[in-house]
Amino acid sequence: MIKSIGVRNYALIDQTDIELEKGFTVITGETGAGKSILLGAIGLTLGQRADVSALLDKNKKCIVEITYNVGGYTLEEWFEENELDYSEEVIVRREISADGKSRCFINDTPVSNKLLKELGGYLIDIHSQHQSLLLGQPEYQINMLDAFCGSGELLLAYQEKFNRRKQCLTALKSLKESARDADKEKDYLSFQLAQLEEAQLKKGEQEELEEELAVLSHAETIKSVLGRLVFDLRDADQAIVTVLKNSRNSLLSLKDMVKEAAEYETRLDSVILELKDLAEESEHKAEGVEYNPRRIEAINERLNVIYDLIFKYKTENVEGLLALKEEIAAKLEGIQGYSDNIEVLERELEGLEKEMDQLSGKIHELRMQAREPLCDYMKSLLMDLGIRHPEFVVSMTPSEEYTYTGKDEVKFLFAANKNQQPGEISKVASGGEISRVMLSLKYILSKTKRLPVIVFDEIDTGLSGEVAHRMAQMMREMATRMQVISISHLPQIASAGSCHLKVYKEDNSEHTVSRIRKLDAEERIKEVAGMISGSEITAAALEAARNLLG
């Protein structure tokens with residue numbers, strides 16, 4: 001229920017704070033006093049569009065804050081899912097700055113406008129002649145029937161399957177498209193893979209072959225250069241190693257005279273040893289180099305195969321070709337995987353549709369069982385509300401396709417006159433008749449499920465007398481199960497409330513502003529009497545007001 005409403009700087013409201021009570025609250029006031037403005041302010045906390053033109057003072061921000069008691073609304077899970085702290089007292093606030101920026105808060109935590117709207121759907125239901133247009137929508141009608149027949153749990157189970165089926169269908173479509181595209185290039189990929197596999201490429205092979213070819217192609221030069229090196233180092237009359245050995249031997253005579261001589265000798269030994277090793281390695285290398293035209297031809301043929309593949313597949317080396325081969329193999333494996341995945345999804349779809357058929361069948365049975373009782377109850381209520389010969393029919397036809405609400409197409413058909421063929425409510429009912437149909441539905445639903453706070457915004461327009469009295473009784477009975485707020489011009493409804501708020505205008509030094517205050521018992525008598533007799537309150541009107549309030 002709503003505990004309080006605070007509005008700052010919105011339209012004609014400069015500042016107002018309203019404390020609300022359980023039960024049935026009525027709000028009255030002259031046309032233009034600001035009753036609809038109050039509803040507009042409440043609408044901001046339900047996520048409705050913010051407009052800076054609605055600010056009374058363009059230099060200040062607008063603030064609308066509503067405090068709810070949500071005990072028993074089972075919203076703990078919703079708060080947890082949205083990472084909000086839960087408490088039974090929830091404060092919803094909307095702020096609009098002078099530059100048009102809007103901010104939303106739930107218990108002082110900033111939230112998105114979408115989240116504010118979602119929470120509002122659990123907390124408050126504003127019912128006006130404009131909202132009554134919802135009654136013409138098939139989704140709204142089937143939701144009403146489901147609420148009456150108690151198919152909620154079955155419908156949730158069905159909708160879970162419906163959503164999963166939708167995901168499967170999307171995935172299956174994408175998978176089949178990918179499979180078709182892949183199938184088109186399957187032959188080409190297979191050819192490429194066969195060609196790369198036939199080449200039997202090895203990592204590092206290209207570099208090894210190029211190095212070997214360079215050696216074989218210059219075998220004579222290599223043998224000549226290395227042979228000369230061996231000769232100069234070891235075999236010449238004045239070979240470098242021989243000269244260095246002689247120098248080392250000469251140093252022996254300096255051992256007692258030059259202290260560094262021993263070090264020089266050691267260093268020369270190291271150099272001589274290194275040069276002897278170099279000579280031996282060069283000799284061995286020269287002996288291993290042999291001009292081999294057949295081997296050169298084989299290497300060139302192998303390198304030509306590698307170079308052709310590198311050019312064809314636009315890679316830089318053999319490693320790139322090997323990576324490409326793995327990629328092609330993976331694609332071909334994936335093409336086979338498409339068939340497997342498609343088969344898995346199709347089996348899941350078959351199972352889902354079987355379960356959905358069973359669930360939708362059970363939902364259909366519940367709807368069929370509830371259809372006649374709902375129609376009879378609605379006709380009874382509509383007669384009480386002044387429609388002398390009402391017809392209310394729930395039309396149900398099977399749907400060829402799965403829908404979010406099952407496999408039934410539901411339409412509410414209505415006729416207000418004797419021997420009139422029932423038709424779609426939006427086409428055959430007047431605004432006042434639609435309002436009475438909607439009120440009757442909400443009245444029935446309030447007995448079968450927990451509804452949020454409901455606000456009736458002048459749905460009694462055009463009614464009077466006994467019909468207005470019966471409408472007031474229905475609202476008062478609904479208020480025993482939920483908080484009901486009604487904005488009304490009818491004394492019958494105004495007198496039925498347990499709490500009476502009056503909206504009025506007054507002038508201050510700068511503006512005409514709207515005010516709202518709770519009426520005491522004596523003020524209520526005068527307000528209701530004024531609604532009966534107009535601007536001049538007569539004794540008879542006062543007496544009638546006391547009778548209504550009594």
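Residue numbers run from 1 in the order of the sequence given.
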Practice item. Verify side chain to side chain donor-acceptor pair (under 3.5 Å) between E527 and T28, making sure each step is shown before the conclusion. Key: CA-CA 8 Å; E527 177 69 11; T28 62; 3.0 Å; yes
Exercise for review: Report the C-alpha separation of F162 and Y402 in whole Å, then their side-chain angles, then the decisive distance to 0.1 Å, and conclude whether the ring pair (Phe, Tyr, Trp, His ring centres under 6.0 Å) test is met.
Suggested key: CA-CA 8 Å; F162 178 88; Y402 295 102; 7.8 Å; no
Exercise for review: Determine, stepwise, if the pair I487 / L39 fulfils side-chain contact (heavy atoms from CB on, under 4.5 Å).
Suggested key: CA-CA 10 Å; I487 297 172; L39 280 184; 3.6 Å; yes
Review point. Could you go step by step and tell me if S97 and D99 meet the side chain to side chain donor-acceptor pair (under 3.5 Å) rule?
Key: CA-CA 5 Å; S97 61; D99 60 2; 2.3 Å; yes
Check your understanding: Please walk me through it: do K418 and E391 pass salt bridge (Lys or Arg N to Asp or Glu O under 4.0 Å)?
Key -> CA-CA 9 Å; K418 193 173 183 178; E391 280 296 329; over 6 Å; no
Check your understanding: What do the steps show when you test T45 against R93 for side chain to side chain donor-acceptor pair (under 3.5 Å), and what is the final call?
Key -> CA-CA 6 Å; T45 68; R93 186 170 77 256; over 6 Å; no
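Salt bridge status for E343 with R347: present, with a side-chain N to carboxylate O gap under 4.0 Å. Residues R165 and E348 are not paired through a salt bridge, judged by the lack of any N-O separation under 4.0 Å between the basic side chain and the carboxylate. Of the charged side-chain nitrogens involved, at least one lies within less than 4.0 Å of a carboxylate oxygen, so that D17 and R8 count as a salt-bridged pair. Under the 4.0 Å criterion applied to side-chain N and carboxylate O atoms, E19 and K518 are not assigned as salt-bridge partners. Residues K176 and E346 are paired through a salt bridge, judged by an N-O separation under 4.0 Å between the basic side chain and the carboxylate.
Residues N113 and K117 form no side-chain contact, since every pair of their non-hydrogen atoms from C-beta on lies 4.5 Å or further apart. Counting heavy atoms from C-beta outward, L155 and E153 have side chains that stay 4.5 Å or more apart.
Y377 and Y443 have perpendicular rings, their planes meeting at more than 60° on a 0 to 90° scale where under 30° would count as parallel.
The backbone N or O of A494 lies less than 3.5 Å from a partner atom in the side chain of R524, making a donor-acceptor pair. Side chain of K379 to backbone of L374: no donor-acceptor contact under 3.5 angstrom is found. Without hydrogens or angle criteria, R481 side chain to S446 main chain gives a donor-acceptor distance under 3.5 Å. Using a distance-only test at 3.5 Å, with no hydrogens or angles considered, no donor-acceptor pair links the side chain of D408 to the main chain of V410.
Checked against the 6.0 Å centroid criterion, the rings of Y73 and Y122 do not qualify as a close aromatic pair.
Looking at I387, L381, L445 one by one, the single match for side chain to side chain contact (heavy atoms under 4.5 Å, CB included) with S440 turns out to be L381. When the options L56, L12, L38, D14 are evaluated for a side chain to side chain contact (heavy atoms under 4.5 Å, CB included) with S514, the one that passes is L12.
Figure legend: cation-pi geometry between K3 and Y68 absent, as NZ or CZ is not positioned both under 6.0 Å from the six-membered ring centre and within 45° of its axis. For the pair R94 and Y10, the NZ or CZ position fails the cation-pi test of under 6.0 Å to the six-membered ring centre and within 45 degrees of the ring normal.
Minimum interatomic distance between S498 and E21 (heavy atoms only, all atoms of both residues): O-OE1, 4.2 Å.
Within 6.0 Å of atom CD in E160, 12 or fewer heavy atoms from other residues, nucleotides or ligands are found, so the atom counts as exposed in its surroundings.
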